[in-house]
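Below: the structure, in structure tokens.
Only this structure's heavy atoms are used, side chains among them; waters, hydrogens and symmetry mates stay out. Position 1 is the first residue of the sequence; numbering continues from there.
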Amino acid sequence: MRFTSLVIELIRARPRLIVWIAVLLQAAMWLFVALLFYRSPPGSLATLLAFGREYQVGTDLGPPLPIWLADIAYRTAGGHMFGVYVLAELCEIATFITLYHLSRAVVGSQQAVLAVLLTMTVLAFSSPALDFGPLVLARPLWALLLLHSWQIIGQRRGNAWFAWSIEAGLLLLTTPAAIFLLLLLVIFALSTAGGRRTLRALDPLFALIVVAVLALPYAVWLMRAETLVLPALPEVAELNARAIHAVWLLGGLVLGAAAIPALTFLNTGLFVAKVEDAPIIYRPPVEPLARNFVYFFALAPALGAVLISSLLGLESVVGGAGVVLVMSGLAVVVAAGDLIAMRRARMLRMVWAAAVVAPAIGVVLAVLLLPWTATNEIATSMPARAISDFFDESFARRTNLRLRAVAGETQLASLIALHSGRPHLFIDAAPARTPWTSQAKFSETGGVVVWRASDTAGTPPPEILARFPGIVPEVPRAFEWLVTGRQQLLRIGWAIVRPKGT
């Protein structure tokens, strides 16, 4: 009897089970890493939560939906970051499950598993896993939009219009790149006979009304905030530099998807010692419209995002790599043919597992080893809970009041704002970013001003002293990192602004 790997047999017999196992294991891996090695939120997540506490319709961080959802998850978990991490992983799970349903409609259940597994390697390297925000929330919404767009255009299912309209409205409330992504959907619909036939019905008009209703509050805020300003195009002298920048952005996307060509190369016959009867993953023939749909949304978002980002001089691609590359795995599977031979299945499993696990291992090694080999700070190693508790209790002891606001260095102030009391964040360097408070209101209610201490006296930086001329610096407070190593202790200078009338 010819031996066939159990994994191959499960892909053939229980494809949905394989997808769920792989997706849930990846989510559990990242949650395990967060619980053990994250003492503070990654990236700008702390600032996002500080903004979410205010429930503003719009801020300079972008549309409000990811900010609100992050705060709801944080409150639901009892003021613990675990709730936000779970929310981020739920977005990841929803992205892959939605992609599986889309792939199944195009290439069948068996090859849909391969599409999901390949895409997991792409998103593992190219997009954040736990840093919840617009880039994370936009992934499942974009995947759902693609799924229902195919159901509308390719399968002529008119009942998908309502879900499509809700997802389009939510995407507009999630990321500024939503307009670009929706424009791509319109371009594809107008360029195909099936899409033009769909647009002649009344359903698109009703969907447009739903989208407008959902996005109206944020659109009104944009107009009142006078942020609807067209960006200036680069001058002729800058085109050369922008073109080089575009090459770098495109190279970053290619590097993020490097596991796909590696797995494809290993699956060729070059590494087979002798002729063997490799197991086959079968699919029904892919219709031309489906093939064009997959290729268009695998290439157009990435190329368009690179072009727009280079013209605007942005540091990263518009919408995020996790959004523009979400169809890359399915595109490779469609191009592979109706019959995909799985050669050297054991090696393929090992390489795939290494590609998925490598980012998490990199995070762990960075936390444990970098403090001994370098002096760079690791943001997730800051003791966020100890920092917030100390300053909240210090303010309460000095004034007999709960801490109402915190200012100074934004990163440190955002960590203090995570305390159970949830004090307001005041960005004194740019007061317009925090319209819920002001310099006068901060002086009236009182608060804590923090900065990184550069000496044992805790002398505040000149810019902070200029904005708070009457503060009296306290003795700096030192905090230990998760792994101290060769780094110095985290020393935070601080001063109390007493409330008026106390």
Side-chain angles (χ1 to χ4, degrees), residues 39-41 44-56 59-61 67 71 74-75 79 377 379 382-480 488-502:
R39 297 182 66 184
S40 60
S44 59
L45 185 52
T47 305
L48 186 81
L49 287 170
F51 276 62
R53 177 222 188 283
E54 311 298 337
Y55 284 90
Q56 300 286 304
T59 64
D60 66 332
L61 297 183
I67 304 174
D71 184 73
Y74 186 75
R75 292 176 184 269
E377 295 182 356
M382 290 184 178
R385 182 63 62 180
I387 293 174
S388 60
D389 287 344
F390 172 79
F391 289 107
D392 183 80
E393 295 170 1
S394 298
F395 186 85
R397 285 197 304 267
R398 301 291 183 88
T399 64
N400 203 26
L401 296 172
R402 292 298 302 271
L403 180 60
R404 299 288 302 276
V406 57
E409 186 177 330
T410 302
Q411 182 185 21
L412 298 175
S414 299
L415 294 180
I416 300 173
L418 292 177
H419 193 269
S420 57
R422 303 298 299 277
H424 297 280
L425 173 65
F426 174 47
I427 303 180
D428 51 281
R433 295 188 60 194
T434 52
W436 49 84
T437 187
S438 62
Q439 190 81 36
K441 189 174 182 180
F442 183 85
S443 300
E444 180 180 353
T445 60
V448 172
V449 184
V450 293
W451 60 88
R452 291 175 186 268
S454 57
D455 53 30
T456 56
T459 306
E463 57 273 13
I464 290 182
L465 193 59
R467 292 190 289 268
F468 301 96
I471 60 175
V472 177
E474 306 284 347
V475 177
R477 179 67 164 85
F479 297 92
E480 292 186 354
Q488 296 182 355
L489 296 177
L490 175 62
R491 298 186 182 276
I492 300 179
W494 59 293
I496 288 181
V497 177
R498 294 182 176 274
K500 291 184 178 179
T502 60

I416 and L403, any side-chain heavy atoms less than 4.5 Å apart: yes
Give the C-alpha distance, both sets of side-chain angles, the deciding distance and a yes or no for side-chain contact (heavy atoms from CB on, under 4.5 Å) between M382 and L415. CA-CA 9 Å; M382 290 184 178; L415 294 180; 3.6 Å; yes
Might you point out which heavy atoms bring G79 and R385 nearest each other, and give the distance in Å? O-NH2, 2.9 Å
Is the distance between the ring centroids of W451 and F468 under 6.0 Å? no
Would you check if the side chain of R39 reaches a backbone N or O of A386 as a donor-acceptor pair within less than 3.5 Å? no
Restricting to non-hydrogen atoms, name the atom on V497 and the atom on S443 that form the minimum distance, rounded to 0.1 Å. CG1-CA, 4.3 Å
Donor-acceptor pair, distance only, cut-off 3.5 Å: does the side chain of W494 make one with the backbone of R452? no
Any idea which heavy atoms bring P435 and Q56 closest together, and the distance? CG-OE1, 4.1 Å
Assess the residue pair H419 and R402 against the criterion (side-chain contact (heavy atoms from CB on, under 4.5 Å)); give the C-alpha distance rounded to whole Å, side-chain angles, the decisive distance to 0.1 Å, and a yes or no. CA-CA 11 Å; H419 193 269; R402 292 298 302 271; 4.0 Å; yes
Give me the ring orientation class for F391 and F479: parallel if the planes are under 30° apart, tilted from 30 to 60°, perpendicular past 60°. tilted
Search all heavy atoms of P460 against all heavy atoms of I464 and return the closest pair with its distance. CB-CG2, 4.5 Å
CZ/R404: more than 12 non-hydrogen atoms of other groups inside 6.0 Å: no
Does CD in E480 sit with more than 12 non-hydrogen atoms of other residues, nucleotides or ligands closer than 6.0 Å? no
In Å, rounded to the nearest 0.5 Å, how long is the span from OG of S454 to CZ of R491? 11.5 Å
What's the shortest heavy-atom distance between A495 and V472, and which atoms? CB-O, 3.5 Å
Rounding to 0.5 Å, atoms OG1 (T59) and CD (E54) come to a distance of 10.5 Å
Per the salt bridge (Lys or Arg N to Asp or Glu O under 4.0 Å) rule, what does the pair list look like for residues 423-438, sequence neighbours excluded? D60-R433, D428-R467
Taking the side chain from S40 and the backbone from A379, do they hold a donor-acceptor pair closer than 3.5 Å? yes
Taking all atoms of both residues into account, what is the closest heavy-atom pair of L401 and F395, and its distance? O-CD2, 3.5 Å
Could you check whether any side-chain N or O of T434 sits under 3.5 Å from a backbone N or O of T437, counting only pairs where one atom can act as donor and the other as acceptor? no
Find the distance between CD1 (I471) and CZ (R498) and round it off to the nearest 0.5 Å. 13.5 Å
Quick one: list whatever passes ring-ring contact (aromatic ring centres under 6.0 Å, His included) with F51, sequence neighbours left out. W436
Residue of the set L49, L425, L45 for which side chain to side chain contact (heavy atoms under 4.5 Å, CB included) holds with L418: L49
Name all residues meeting the salt bridge (Lys or Arg N to Asp or Glu O under 4.0 Å) criterion together with R75; count only those two or more places apart in sequence or in a different chain, and write none if there are none. D71
